[in-house]
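Quick notes on the structure that follows.
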Amino acid sequence: MFNRIFPSLLICLLASGILANAQKKKVKPYSELPVIQSKDTELDTQVLPPPKEPRAVVAAETGKLTFSLVPLSRKGLLSQQTREALHDLVRGRDTVVKLRAFVAGSGDARRVLEIAGEMFAEKHRDVPALSVVQAGALPLEGAQIALEVTTVGKKVVNPNGLGFFSAQVGPSIAGAASKLSAEFAKAGLQPADALRVTCFVNSLDAAGDWRGALNGFSAAAVNVVQMMREAVGPAAACEAVARLTSAPSAPVSFLDSSPDASAAVLVNTPQLIFTGIQMVFGQKPGDVRQAYQRLNSALNGVNSSFGQMIVTGTYLLFTSVKEPAREIRAEMSGKQSSPAETVLPFEGLASSDATMGIDGIAAPR
């Protein structure tokens, strides 16, 4: 009998103890109880900072600059190709200071700006200066972006400086390359000293064996771009950057200079300043002047000015702005010698309202 009574008695004692402890505690009203939020309840959305914008100007050490080209790809559309092209760059040890992207096909060129901002921001790296230009076609079917890359590394690779060569116009890539070789010779260089060569053509079909035509520039990264969908402008024009084999006579030396442009500029300054593209909106001289003034203001912020430009690129969408641009550029340059310059027509820019784009490289004051 004891075995049957004892468990019941133990349960009663435990229950009475629990009740006594509960009575000692102050029980809160329901209204004061904490609210436990369900995991399924939608929380306030965290506001993330917007993607970083490309920098207007970037200064880099001349001796440590490298110039390359991301290989073309036909895989996917513009966004996928852009992400793949930038994948290694945002993770690399070298600092990317300038990107120039030529976009072909029906993709929105503005996506290149957005994706670059996102990818560099994700890796907590500054977005480089960036120029995005809509071209007519690229020499690989399905390719929608050709990306030229300028980086600054850890080691000095250009101890004597760099040479920048204006686009040399010819009836073909072979003809333009021949003129470019002649300018190299005047600068005391060989075509094999070229680091990167960019050739613009009015038709890829008419470009023929462009690899054979540029065979002499064996060490260079070579980019070929059809400027517009329709065959307009010069048949071919090739520009280049090369490593100098001996130091120039002055920090900045202009070769074959004219009021319009120099055939080449030899530079051995401690730094060079790369600019992103400044777009012109409108076709009046005042519209063109505003873009040059914006570029000048950005350069002033890094101890330079438009008068210190050694290389300029002008991307024309309307021929009506070409002459005002030439006059304003000469006025703002304010010197006898002109930068190495490439002025060519293109399909578009990263804004449907733009009429022209300008970018370049400047020396510090």
Side-chain angles (χ1 to χ4, degrees), residues 47-60 67-70 72-73 75-92 95-138 143-151 198 223 225 227-228 273-282 287 290-292 294-295 297-299 301-302 312-317 344 346-361:
V47 179
L48 297 176
K52 290 185 178 180
E53 296 291 331
R55 287 177 286 175
V57 291
V58 181
F67 301 84
S68 60
L69 177 70
V70 177
L72 297 177
S73 171
K75 184 179 178 181
L77 299 178
L78 177 61
S79 294
Q80 180 179 346
Q81 291 184 19
T82 301
R83 291 187 183 280
E84 292 183 354
L86 294 173
H87 181 272
D88 292 337
L89 298 179
V90 300
R91 292 165 174 78
T95 300
V96 182
V97 295
K98 175 65 188 283
L99 295 174
R100 183 166 69 163
F102 294 99
V103 177
S106 58
D108 188 345
R110 292 173 296 183
R111 287 293 294 146
V112 178
L113 296 168
E114 296 168 0
I115 293 170
E118 293 169 2
M119 293 185 68
F120 278 92
E122 285 173 1
K123 295 300 178 181
H124 306 288
R125 304 184 73 165
D126 290 328
V127 185
L130 182 58
S131 298
V132 180
V133 181
Q134 189 83 38
L138 299 173
Q144 297 200 20
I145 183 169
L147 196 62
E148 295 180 350
V149 185
T150 303
T151 57
T198 304
N223 189 20
V225 177
M227 296 171 287
M228 301 185 70
I273 300 162
F274 295 81
T275 83
I277 198 166
Q278 290 286 344
M279 289 184 281
V280 176
F281 300 96
D287 301 323
Q290 285 182 1
Y292 280 101
R294 289 195 302 271
L295 187 57
S297 296
L299 289 168
V302 289
T312 56
T314 303
Y315 310 92
L316 294 170
L317 276 63
L344 293 169
F346 286 89
E347 192 69 30
L349 297 171
S351 172
S352 59
D353 298 325
T355 57
M356 189 184 84
I358 50 175
D359 65 4
I361 305 171

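All residue numbers refer to positions in the sequence shown, counting from 1.
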| request: Assess whether side-chain contact (heavy atoms from CB on, under 4.5 Å) is satisfied between L316 and L344, documenting all intermediate values. | output: CA-CA 6 Å; L316 294 170; L344 293 169; over 6 Å; no
| query | How far apart are the C-alpha atoms of V149 and L99, what are their side-chain angles, what is the distance that settles it, and do they pass the side-chain contact (heavy atoms from CB on, under 4.5 Å) test? | reply | CA-CA 5 Å; V149 185; L99 295 174; 3.8 Å; yes
| request: Please step through side-chain contact (heavy atoms from CB on, under 4.5 Å) for the pair S68 and T151, ending with a clear verdict. | output: CA-CA 8 Å; S68 60; T151 57; 5.6 Å; no
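When all heavy atoms of V112 and A101 are compared, the pair lying nearest together is CG1-CB, 4.1 Å. Of all heavy-atom pairs between A350 and A109, the closest is CA-CB, 4.2 Å. Smallest separation of non-hydrogen atoms from L72 and A143: CB-CB, 4.2 Å. Across all their heavy atoms, G276 and A129 have their closest contact at N-CB, 3.5 Å.
Remark: the backbone N or O of V97 is not paired with any side-chain donor or acceptor of T150 at under 3.5 angstrom. In this structure a side-chain-to-backbone donor-acceptor pair under 3.5 Å is missing from Q144 to V103. Side-chain N or O atoms of Q134 include one that pairs as donor or acceptor with a backbone N or O of G105 at under 3.5 Å.
Shown here are the side chain to side chain contact (heavy atoms under 4.5 Å, CB included) partners of V127, two or more places apart in sequence or in another chain: K52, P54, F120. For Y315, the ring pair (Phe, Tyr, Trp, His ring centres under 6.0 Å) partners two or more places apart in sequence, or in a different chain, are F346. For R110, the salt bridge (Lys or Arg N to Asp or Glu O under 4.0 Å) partners at least two apart in sequence or on another chain are D108. Residues satisfying the side chain to side chain contact (heavy atoms under 4.5 Å, CB included) criterion with E122, sequence neighbours excluded, are absent altogether. For R111, the salt bridge (Lys or Arg N to Asp or Glu O under 4.0 Å) test picks out E114, with sequence neighbours left out. Residues satisfying the side-chain hydrogen bond (donor to acceptor under 3.5 Å, both in side chains) criterion with S131, sequence neighbours excluded, are K98, D359. Applying the salt bridge (Lys or Arg N to Asp or Glu O under 4.0 Å) criterion to R294, with sequence neighbours excluded, gives no partner residue. With sequence neighbours left out, T198 forms a side-chain hydrogen bond (donor to acceptor under 3.5 Å, both in side chains) with E148. Here T95 pairs with nothing under the side-chain hydrogen bond (donor to acceptor under 3.5 Å, both in side chains) rule; sequence neighbours left out. Partners of V225 by side chain to side chain contact (heavy atoms under 4.5 Å, CB included), not counting sequence neighbours, listed by chain and number: F102, A135, L138, F200, N223.
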Which atom pairs, donor and acceptor, lie under 3.5 Å between side-chain atoms of residues 82-90 and protein residues at least two apart or in another chain?
residue: T82; atom: OG1; partner: L78; partner atom: O; Å: 2.8
residue: R83; atom: NH2; partner: E118; partner atom: OE1; Å: 3.1
residue: E84; atom: OE2; partner: Q80; partner atom: NE2; Å: 3.3

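Contacts classified as side-chain hydrogen bond (donor to acceptor under 3.5 Å, both in side chains) and involving residues 347-356 (residues at least two apart or in different chains) are given here: R229-E347.
Taken to the nearest 0.5 Å, the OH atom of Y292 stands 4.5 Å off from the CE atom of M356. For the atom pair I277 CD1 and L295 CG, the distance stands at 10.5 Å (nearest 0.5 Å).
Of the residues L113, V58, T275, the one that meets the side chain to side chain contact (heavy atoms under 4.5 Å, CB included) test with L130 is L113.
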